There are 2 protein chains.
Amino acid sequence: MTAFSELFGEFDRRVLPNHMTDADILRLRHEAFALDLGAQDHAGFDNDEDHFVYVAKGAAKLVAYLSASREQIVAFGFPGEIIHVPGGGQRNFSLIALEPSELLVIPANSLLAASGQDCALLRLAIEQTMLALGRSRKNAIMLGTRSARERLAGFLLDMFERGSRPDDPPETIHLPMSRNEIADSLGLTIETVSRQFSEMRNLGLIETSGRSLVTILDWEGLAHAAGQMPVAA
Amino acid sequence: MTAFSELFGEFDRRVLPNHMTDADILRLRHEAFALDLGAQDHAGFDNDEDHFVYVAKGAAKLVAYLSASREQIVAFGFPGEIIHVPGGGQRNFSLIALEPSELLVIPANSLLAASGQDCALLRLAIEQTMLALGRSRKNAIMLGTRSARERLAGFLLDMFERGSRPDDPPETIHLPMSRNEIADSLGLTIETVSRQFSEMRNLGLIETSGRSLVTILDWEGLAHAAGQMPVAA
DNA sequence: CGAGTCCTTGAAGGTGTTCAAATTACGTGG
DNA sequence: CCACGTAATTTGAACACCTTCAAGGACTCG
C-alpha cells in the first residue's frame, strides 16, 4: 500500500459520504495527489485553479500577501480539516506548512466536473465551501470588533477545540505556529500577542511551557476574556 | 404579469445560465419568493436554513449582532448581486434593507436538492458561495491590515465600482448607508469615519453634498490612499 | 555547547476611541 | 414654500490601546 493509497483511504473514510459511486471515487483518486511538506514549505500547485486541501497530518496556514512587511493569515488547517485555496484571482494566496505535514490536494475542477446523477462530489464541494465561508465571516467579525485580549483568548479556545491531540496532556495544547503567525492571523503585532500571553499568564488564566505549550488553568475566565456573547435573543 | 414574474424573469436573464432545463427553472420558481422591504426593514424568513438573496432594486446589509452596542456588517448587497444569508448557526445574522428594496429569496435547499443530471442549480449555488467566500476573505484582510484612511478610501472605490447608477452624475455616487453603517462595515467608529471624510475632503480627494452624495475628484490620489498593492511578483 | 532565531519586556509615540457639544441636513406640518 | 423639530453628522479634547523602536533574555537546533 503506497503512501498515497493510505492518505486517500483516510480521506475517503473521514470525509467522503458513504453513498458515493465507485466511478466518482476512482475519478477523484485519479485527480487528487499527495503532498509532503516540511516546515515552512509552501504548497506549489497550479495557481490558476481553486483547490481543496485535506490536512492529514501536521498543520498549515493560508496566507494572503500584501505589502512586503504585512501579511494576513486567512485560515489555519489542522488534521481532518479541509482548506479552500483560491486560485489566481486578484490576490496572492499561498498555502504553507507550519510543521512537517501530509496533505491531499484536490483540484476544485475535479469536484465541479459533471459527476453522476446525484452530484455527490458537487455536494461535497459546496458543503466545504460553505464551511469555509462561515469560518471566514466569523474571522471577519473577530477582526472588526474584538480587542487584543478577546482575540487571543478566543484564539486559544479555538485552538483547543481544533488542535487537541491524543498524546497531549489534558488541558494542554501544542501550538504549531509562531507568535508572529498568531499575530498575522489576529491582525495584531507580535509584541502585542506576547504581552497578552504574559498578562493572561499573570491573571492565572493560562500557563505556558517553552514556546509552544499552553495549558488552560481557568476555562471560565478565558471564555469571559474572549467576550462571549450573552445568550440573549 | 405579476411583480413576482417580472422579478423572477430578471433573475433568470441576469443570473441563471442559459442551459437550465425547464424543470429546474420551474422548481426554482416555485420555491423562490419575492420580498418588498422598506428602509430598515429586516428580511424575515425561516432562520434555520441558508438563503440566497438576489437584490433587484435597492440595497441591503447583512449584519452580525454581537453585544448590544457593537455590530458588524458582513456584506452589502446592490442591484444585480446575490447575498448568501446563513441560517441558524451559532451567530445571529440579519438581512436588512438600507432603502426600499425588491429582493428575490431562494432557500438554499431548493438549489441543493437533486436537480437533473447536469446539476445546474448546484453549480449556481457553489459559484455564488465561492464568490461570497472571496469577498469575505478580502473583507477579513481589509479588517486585519488596513488603517482607517485606507479602509474608507477602499470602501469608496468599491462603492463606485458596485453602485454606479444610470441616473447618477458621472464620478458621483449616492451612498445608501449611513455613516454608522459604514463604520460598522469597516470596523471603525462613526466619529473616525466622519473625520476621514473631512480629511479626504480637505486633501481634495473627494467632495460631498448632503449626507449621501460623494464625488471623486482625484482618482489616483484615492487609489493611493487605499493602499494599492504594488504589482510586484 | 554555541549560534541564531524567537520571544519577552520597556518606553515613547501614534492612531483610533470615547465622551461631549455644536452644527448641518432632512422630513413634516403650517 | 418656509419654519421647525429631530436625527444624523461633524468637530473638539482627553484618553486608551495598540504599535513602533529598541534591547535583553530564552529556547531550539545543529
Side-chain angles (χ1 to χ4, degrees), chain A residues 38-40 61 66-72 98-100 142-156 174-203 206-214 225 227, chain B residues 38-40 61 66-72 98-100 142-156 174-203 206-214 225 227:
Chain A
Q40 301 307 320
K61 62 176 175 178
L66 301 133
S67 47
S69 62
R70 204 118 177 116
E71 58 188 63
Q72 175 72 28
L98 298 172
E99 54 186 15
M142 181 274 290
L143 292 169
T145 62
R146 320 239 83 140
S147 69
R149 169 70 48 84
E150 291 171 325
R151 293 182 197 192
L152 186 60
F155 173 81
L156 289 177
H174 163 82
L175 297 179
M177 70 289 287
S178 70
R179 298 290 132 99
N180 222 317
E181 288 164 328
I182 296 176
D184 283 341
S185 87
L186 299 181
L188 302 167
T189 60
I190 176 176
E191 294 95 331
T192 300
V193 170
S194 181
R195 264 183 262 272
Q196 291 303 326
F197 264 107
S198 298
E199 289 176 23
M200 287 167 63
R201 214 162 16 211
N202 292 338
L203 288 170
I206 61 170
E207 208 171 59
T208 62
S209 157
R211 277 172 182 160
S212 66
L213 287 178
V214 180
Chain B
Q40 301 306 321
K61 62 175 175 180
L66 300 133
S67 46
S69 62
R70 203 116 179 120
E71 58 189 62
Q72 176 72 27
L98 298 171
E99 54 187 13
M142 181 274 291
L143 292 167
T145 62
R146 320 239 81 141
S147 69
R149 169 71 48 84
E150 292 172 324
R151 293 184 197 192
L152 187 60
F155 173 81
L156 289 177
H174 164 82
L175 296 179
M177 70 289 286
S178 69
R179 298 290 130 101
N180 222 317
E181 289 164 327
I182 296 175
D184 284 341
S185 84
L186 298 182
L188 302 168
T189 60
I190 176 174
E191 294 96 331
T192 300
V193 170
S194 181
R195 264 183 262 271
Q196 290 303 327
F197 264 107
S198 298
E199 290 176 21
M200 287 168 62
R201 215 161 17 212
N202 293 338
L203 289 169
I206 60 171
E207 209 171 58
T208 62
S209 159
R211 277 174 183 159
S212 64
L213 287 178
V214 179

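Numbered from 1 within each chain, the chains take letters A, B, ... in sequence-line order. The shown structure was predicted, so the numbers you read here are calculated from the model rather than taken from an experiment.
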What is the distance, rounded to the nearest whole Å, between atom CZ of B/Arg146 and atom C1' of D/dT19?
17 Å
For C/dT17, does OP1 or OP2 lie under 4.0 Å from any side-chain N or O of B/Thr192?
yes
Return yes if some donor-acceptor pair links the side-chain N/O of B/Glu150 with the main-chain N/O of B/Ser147 below 3.5 Å, else return no.
yes
Distance check needed: D/dA8 C1' versus B/Met177 CE, whole Å only.
16 Å
Within less than 4.0 Å of OP1 or OP2 of D/dC18, is there a side-chain N or O belonging to A/Thr189?
no
B/Glu181 with B/Lys61: basic N within carboxylate O range, under 4.0 Å:
yes
For atom CG of B/Asn202 and atom P of D/dT10, their distance in whole Å:
12 Å
Specify the separation, in whole Å, of atom CG of B/Leu188 and atom C1' of C/dT18.
14 Å
So, are A/Glu199 and A/Arg149 salt-bridged, with charged N and O less than 4.0 Å apart?
yes
Give a yes/no on whether any side-chain N or O of A/Arg149 is located under 4.0 angstrom from OP1 or OP2 of D/dC17.
no
Can you tell me if B/Arg146 uses its side chain to pair, donor with acceptor, with the backbone of B/Arg151 under 3.5 Å?
no
Please determine, for the side chain of A/Ser198, which listed nucleotide (C/dT8, D/dC18, D/dT9) has the closest atom?
C/dT8
Do B/Leu213 and B/Thr208 have side-chain heavy atoms sitting under 4.5 Å apart?
no
In whole angstrom, give the distance that lies between atom CG of A/Leu152 and atom C1' of D/dC17.
15 Å
In terms of side-chain heavy atoms, does A/Arg201 have a donor or acceptor partner in A/Ser198 at a distance below 3.5 Å?
yes
Sub-4.5 Å side-chain heavy-atom contact between A/Val214 and A/Glu207:
no
Measure from the side-chain N and O atoms of A/Arg179 to the backbone N and O of A/Ile190, and report whether any donor-acceptor pair falls under 3.5 Å.
no
Among the nucleotides C/dC7, D/dT10, C/dG16, whichever has the atom closest to the side chain of A/Ile190 is C/dC7
Look at all strands and tell whether B/Ser178 reaches a base, only sugar-phosphate, or nothing, counting heavy atoms closer than 4.0 Å.
sugar-phosphate
Could you give the CG-to-P distance, from A/Asn180 to C/dT5, as a whole number of Å?
14 Å
Do nucleotides 21-30 of chain D as a string where each nucleotide becomes B, S or -: B if the base has a protein heavy atom under 4.0 Å, S if just the sugar-phosphate does, - if no protein is that close.
B----BBS--
Angle of first-five versus last-five pair axes in the helix from C/dC1-D/dG30 to C/dG30-D/dC1, to 10 degrees:
50°
Length of the line joining B/Arg70:CZ and C/dG16:P, which is rounded to integer Å
13 Å
Please give, in whole Å, the distance from D/dT9 P to B/Glu181 CD?
9 Å
Closest heavy-atom pair, A/Leu98 versus A/Ala39, reported as atoms and distance to 0.1 Å, is O-CB, 3.9 Å
Nearest heavy atoms of B/Thr189 and B/Ala183, plus distance in Å:
C-CB, 3.5 Å
Could you tell me whether B/Arg201 contacts a base, only the sugar-phosphate backbone, or nothing, with contacts defined as non-hydrogen atoms closer than 4.0 Å?
sugar-phosphate
